[in-house]
Visitor: 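This is the structure, below, for whatever I ask next.
All values below were derived from every heavy atom in this structure, side-chain atoms included, with hydrogens, water molecules and symmetry-related copies excluded.
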Amino acid sequence: MNLRQGPGRVPRRPVEERPAALVQTGSTPAGRTLPVVVEAVDGAVDPAAWAARDTGRLRDLLDRHGAVLLRGFQTTPGDLPRLLRPLGGDPLQYRERSTPRTALGGGVYTSTDHPADQVIALHNENAYQSAFPALLAFQCTVPARTGGGTPLADCRRVLARLAPAVVERFVRTGVCYLRTYHPGVGLSWQDAFGTDDRDEVSSYCARGGIEAHWRPDGTLHTRQTQPALARHPRTGEDVWFNHAAFFHPDGLDPALRAALRARYPREEDLPHHVTFGHGGPIPAADLAHIRAAYAAEAGVVPWRAGDVLLVDNLLAAHGREPYRGERRVAVAMAGLLDRQAVRADPQTVREDRQAVRADPQTVREDRQAIREDCQAGEAAP
């Protein structure tokens with residue numbers, strides 16, 4: 001597909017005047033922290049040039065809200081790499097895939113090739129990996145006739161909604177992800193890792209701390225354990241950041257779940273399975289509680305042609321509504337982070353949860369006050 005395919009080429013207005021004069025910053029949806037809307041005053045403004053000139057402001061909006069919706073710019077998928085570079089560098093290659101995507105070129109992909117009639121639950125991109133993108137950029141060329149919106153949820157607020165006992169169980173053990181790449185069922189290991197070289201896959205897994213086992217029939221089984229929380233590298237806020245509810249078969253359509261369990265009686269043979277880090281089962285009540293927290297914070301972004309949605313991958317979870325009609329949404333990812341860069345300190349998780357419950361505009365002040373109180377020997381709230 002041609003990356004320039006979209007609303008059409010337009011003469012781009014150079015960003016010579018004050019960047020702030022070229023856009024209007026709106027509000028967030030009622031009762032939500034995200035996304036904040038930044039609307040172009042003139043549709044001919046080059047969105048990438050504006051972002052490069054006003055990077056600091058754009059990054060501040062992302063840190064505060066977790067997602068920024070750029071509206072009124074006449075964009076194409078080909079704008080995504082240029083939009084991302086000042087914020088997170090060159091687009092990343094999509095590796096260790098869990099959803100089918102089509103490469104459009106230049107580090108841009110279709111957002112997903114998942115069937116249109118299925119929901120994609122809220123999740124953070126590649127949260128099951130040891131390294132993952134910091135920033136996502138979605139671009140809509142053709143919105144669906146009905147449905148097809150992108151739900152978002154603030155992961156600070158999701159964490160704040162979770163019962164302390166549930167959070168502590170996950171913090172104590174982490175999350176273990178098991179994948180079995182059966183031929184003809186879901187993504188093949190060749191598609192997931194972008195190669196048909198078994199040695200290359202084994203080397204990739206070894207570097208990423210993934211246990212990889214090749215079975216005699218050529219099936220690949222992998223296992224890796226990751227923390228359940230992450231700490232944002234700029235804001236210092238703790239977030240719920242894992243695929244426990246997303247990958248667990250408990251969340252599948254009941255008919256599909258029954259069919260998979262009939263075909264693969266052993267849980268470790270399912271295409272996707274999740275346990276606590278020590279291998280113990282995650283209670284169904286915990287999974288239901290987590291999904292309820294996501295649902296309480298979810299708000300849907302309805303697409304318009306030319307929209308670009310910037311998502312901080314730690315601060316905001318995203319998903320997809322089912323839809324009818326043609327839908328063309330592209331994605332690019334940037335800013336590779338590893339677990340060491342975002343490791344949360346379990347001793348301060350409770351403080352962070354209290355801070356997140358505050359008004360999002362005063363989170364940083366509250367966290368600083370907590371630190372000062374602790375330094376002064378006073379009891380933290």
Visitor: Is a donor on one side and an acceptor on the other found under 3.5 Å between the side chain of Ser111 and the backbone of Phe138?
Guide: no
Visitor: How close do Cys155 and Ala316 get, heavy atom to heavy atom, and via which atoms?
Guide: SG-C, 3.8 Å
Visitor: If you measure from the Lys or Arg side-chain nitrogens to the Asp or Glu carboxylate oxygens, is any gap between Arg291 and Asp250 under 4.0 Å?
Guide: yes
Visitor: Ignoring hydrogens and geometry, is there a side-chain-to-backbone donor-acceptor pair from Ser188 to Gly184 under 3.5 Å?
Guide: no
Visitor: Output yes when Arg59 and Asp54 qualify as a salt bridge under the 4.0 Å nitrogen-oxygen rule, no when they do not.
Guide: no
Visitor: For residues Thr146 and Tyr323, determine if any side-chain heavy atom of one lies less than 4.5 Å from a side-chain heavy atom of the other.
Guide: no
Visitor: A side-chain contact here means heavy atoms from C-beta on lying under 4.5 Å apart; do Pro91 and Leu80 qualify?
Guide: no
Visitor: Is Gln129 reaching over with its side chain to a backbone N or O of Arg95, donor-acceptor style, under 3.5 angstrom?
Guide: yes
Visitor: Are Val342 and Leu92 co-members of a hydrophobic cluster defined by side-chain heavy atoms under 4.5 Å apart?
Guide: no
Visitor: Validate the cation-pi geometry between Arg97 and Tyr94: distance from NZ or CZ to the six-membered ring centre under 6.0 Å, angle to the ring axis within 45°.
Guide: no
Visitor: Are more than 12 heavy atoms, taken from residues, nucleotides or ligands other than Arg257, located less than 6.0 Å from that residue's CZ atom?
Guide: yes
Visitor: Can you hop from Phe132 to Val311 via hydrophobic side chains spaced under 4.5 Å?
Guide: no
Visitor: Is the shortest side-chain heavy-atom distance between Tyr181 and Thr222 below 4.5 Å?
Guide: yes
Visitor: Give me the atom names and distance for the closest heavy-atom approach of Ser202 to Trp214.
Guide: OG-NE1, 3.0 Å
Visitor: Assess whether a salt bridge exists between Arg328 and Glu326, defined as any Lys/Arg side-chain N lying under 4.0 Å from an Asp/Glu carboxylate O.
Guide: yes
Visitor: Tell me if the centroids of the rings in Tyr177 and Phe246 come within less than 6.0 Å of each other.
Guide: no
Visitor: Is the backbone N or O of Gly149 less than 3.5 Å from a side-chain atom of Glu321, with the two atoms forming a donor-acceptor pair by type?
Guide: yes
Visitor: For Arg320 versus Pro115, what's the shortest heavy-atom pair and its separation?
Guide: NH2-O, 2.6 Å
Visitor: Please tell me if the side chains of Asn124 and Leu314 come closer than 4.5 Å, counting only heavy atoms from C-beta onward.
Guide: no
Visitor: Is a side-chain donor or acceptor of Arg32 paired with a backbone partner of Ala298 at a separation under 3.5 angstrom?
Guide: yes
Visitor: Nearest heavy-atom pair of Ala334 and Gly89: which atoms, and what distance?
Guide: CB-O, 3.7 Å
Visitor: Does any pair with a residue in residues 187-197 pass salt bridge (charged side-chain N to carboxylate O under 4.0 Å, His left out), and if so which ones, sequence neighbours excluded?
Guide: none
Visitor: Hey, does Leu69 have a side-chain heavy atom less than 4.5 Å from the side chain of Val38?
Guide: no
Visitor: Verify side-chain hydrogen bond (donor to acceptor under 3.5 Å, both in side chains) between Thr235 and Asp63, making sure each step is shown before the conclusion.
Guide: CA-CA 7 Å; Thr235 72; Asp63 287 349; over 6 Å; no
Visitor: Please give me the minimum heavy-atom distance between Phe276 and Cys176, naming the atom from each residue.
Guide: O-CB, 3.5 Å
Visitor: Hydrophobic clusters here meaning ILVMFWY residues chained together by side-chain heavy-atom distances under 4.5 Å, can you tell me if Tyr294 and Val300 are in one?
Guide: no
Visitor: Looking at Arg57 and Asp60, is any side-chain nitrogen of the basic one under 4.0 Å from a carboxylate oxygen of the acidic one?
Guide: no
Visitor: Name all pairs fulfilling the side-chain hydrogen bond (donor to acceptor under 3.5 Å, both in side chains) condition that reach into residues 309-319, sequence neighbours left out, sorted by first residue then second.
Guide: His123-His318, Glu125-His318, His232-Asp312
Visitor: Please name the pair of heavy atoms, one in Arg71 and one in Val37, separated by the smallest distance, quoted to 0.1 Å.
Guide: CB-CG1, 4.4 Å
Visitor: Would you call Arg304-Asp307 a salt bridge at under 4.0 Å N-O?
Guide: no
